[in-house]
Amino acid sequence: MLMKGKKGVVLGIANKKSIAYGIAKACQEQGAELAITYLNERFQKKLEPIAEELGCGNRLYPCDVSKPEEIVALKESLEKDFGKIDFIVHSIAFAPKEGLSGRFVDISKEAFSTAMDISVYSLIEVTQKLKPILSEEASILTLSYYGGVKYIPNYNLMGVAKAALEMTVKYLAEDLGKDGVRVNAISAGPIKTLAAAGIGDFSFMLKWNAAHAPLKKNVTIQEVGNSGMYLLSNLSSAVTGEIHYVDGGFNIMGMPAVKFDENGKPTIAWNGE
Ligand code: NAP
């Protein structure tokens, strides 16, 4: 039981398809005690059975990260339940629809600020406000995507947010290293979730990834969950500031593999439709 004795909070479970659910489940299976959060009352009812299943029916708290007072209240609840916590999972992102399709040049200042606030600053603020209750050797994990490193069609504003998030991970990791706290990100391959549904032509992204990743498949929330659990456990005690790819190897490809047709003409290897 790699997580026996560890207590932590998971932000970002919307349903059982959420990446955060995959991470929470992997941690629970390895003996961790959890608390989870929901965005607002509309999601509370949906999350109650999930909290029960994860063994934290009595530790389900509201936390809209755009409201600092809710992060403070979360800290107080966690302190009451656990005293100290050993890990935080930040699996949250949001960008207004205008930022996830159409022309990048047309993005408004308001959409830009909202995306950066919810998807990037929230990692700093959650860390800042929960820091007094972090145990020695605590581990913090967030979620990124390759669109923060290279251009991905339609990922647009979220790509800029993920670039900022990845650098935030590195600066936080350096700063908190002196306190023994580790901060890492998983850069996951595309997975069909609620948040992903907002990205233009997402189903094409899935096909492209599966066709061109060395492992020739898309990743699952169980696979991301297992890698997340490793980064939250003592197995990764010397790992911090890392952007760990869980994408079937897609990020290593500089060019799609080429096949040749019967006339010796090169064609792109394509497993999709
Ligand atoms: P998801 O299930 O929709 O999870 C996104 C979560 O963010 C939801 O629980 C959502 O809450 C929450 N959220 C949004 N605004 C919030 C706010 N103001 N305060 C608190 N929570 C808020 O989708 P997901 O794909 O698992 O996304 C989790 C993370 O993985 C995100 O950072 C995403 O960018 C990243 N990621 C996803 C993929 C992918 O292909 N799916 C790939 C790489 C990285 P509500 O649902 O209640 O609004």
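We count residues from 1, following the sequence as given. Numbering of ligands and ligand atoms starts at 1, following listing order. Bear in mind that the values here come from a model prediction, so they are computed numbers and not experimental data.
- The shortest contact between atom 20 (C) of ligand 1 and any protein heavy atom is with Cys63 O, 3.3 Å.
- Those atoms of ligand 1 with a heavy atom of Thr193 less than 4.0 angstrom away are 23 (O), 24 (P), 25 (O), 26 (O), 41 (N).
- Residue Gly189 approaches ligand 1 through these ligand atoms, each under 4.0 Å from one of its heavy atoms: 40 (O), 42 (C).
- Contacts with ligand 1 closer than 4.0 Å are made by heavy atoms of both the backbone and the side chain of Leu194.
- Proximity to Leu39 (heavy-atom distance under 4.0 Å) selects the following atoms of ligand 1: 16 (C), 17 (C), 18 (N), 19 (N), 20 (C), 21 (N), 22 (C), 45 (P), 47 (O), 48 (O).
- Ligand 1 has no nitrogen or oxygen under 3.5 angstrom from a nitrogen or oxygen of Ala20.
- Judged by distance alone, the side chains of Lys217 and Asn209 never bring a donor and an acceptor atom under 3.5 Å apart.
- Defined by atom type and a distance below 3.5 Å, a donor-acceptor pair is present between the side-chain atoms of Tyr21 and Glu53.
- Side-chain contact between Leu11 and His90 is absent, with no heavy atoms from C-beta onward closer than 4.5 Å.
- Residue contacts with ligand 1 for Ser187 are absent, since no atom lies close enough (heavy atoms, distance under 4.0 Å).
- Not counting sequence neighbours, Lys46 has no partner by the side chain to side chain donor-acceptor pair (under 3.5 Å) test.
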Legend entry - Criterion salt bridge (Lys or Arg N to Asp or Glu O under 4.0 Å) on Lys129 and Glu125, from CA distance to verdict: CA-CA 6 Å; Lys129 294 203 160 48; Glu125 194 167 16; 3.0 Å; yes

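- If you number the atoms of ligand 1 from 1 as listed, the ones under 4.0 Å from a heavy atom of Ala14 come out as 2 (O), 8 (C), 9 (O), 46 (O).
- Considering backbone and side-chain N/O atoms, Ile191 comes within less than 3.5 Å of an N/O atom of ligand 1.
- The distance from ligand 1 to the heavy atoms of Ile13 drops below 4.0 Å at these ligand atoms: 9 (O).
- Looking at ligand 1, you'll find an N or O of Gly12 within less than 3.5 Å of one of its N or O atoms.
- Listed by number with element, the atoms of ligand 1 under 4.0 Å from a non-hydrogen atom of Asp64 are 17 (C), 18 (N), 19 (N).
- Under a 4.0 angstrom heavy-atom cut-off, Phe202 registers as being in contact with ligand 1.
- Asn154 and Ser101 share no side-chain donor-acceptor pair at under 3.5 Å.
- The shortest N or O to N or O distance between Lys162 and ligand 1 is under 3.5 Å.
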Inset, instruction - Assess whether side-chain contact (heavy atoms from CB on, under 4.5 Å) is satisfied between Lys6 and Cys27, documenting all intermediate values. - result: CA-CA 9 Å; Lys6 292 216 182 272; Cys27 290; over 6 Å; no

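- Nearest-residue assignment for atom 5 (C) of ligand 1 (options Pro62, Gly22, Ser91; heavy-atom criterion): Ser91.
- Atom 33 (C) of ligand 1 lies below 4.0 Å from at least one non-hydrogen atom of the protein.
- Cluster annotation: Met229 is not connected to Ile140 through the hydrophobic network of ILVMFWY side chains, with a link wherever side-chain heavy atoms come within less than 4.5 Å.
- Checking only distances, Ile118 never comes within under 3.5 Å of ligand 1, N or O to N or O.
- By the 30° and 60° cut-offs, the orientation of the rings of His244 relative to Tyr230 is tilted.
- Interface of Pro190 with ligand 1, defined as ligand atoms under 4.0 Å from a residue heavy atom, comprises 40 (O).
- For the ligand labelled ligand 1, residue Ser119 lies outside the 4.0 Å heavy-atom shell.
- Of the options Val10, Val120, Thr37, Ile92, the smallest heavy-atom separation from atom 21 (N) of ligand 1 is shown by Ile92.
- Contact annotation: for Met158 versus ligand 1, there are no heavy atoms closer than 4.0 Å.
- Salt-bridge check for Asp81 with Lys7: failed, with every basic side-chain N at 4.0 Å or more from each acidic carboxylate O.
- Taking every heavy atom of Ser144 and a limit of under 4.0 angstrom, the matching atoms of ligand 1 come to 43 (C), 44 (C).
- For the residue pair Ser108 / Glu98, a side-chain donor-acceptor distance below 3.5 Å is found, with atom types taken as modelled.
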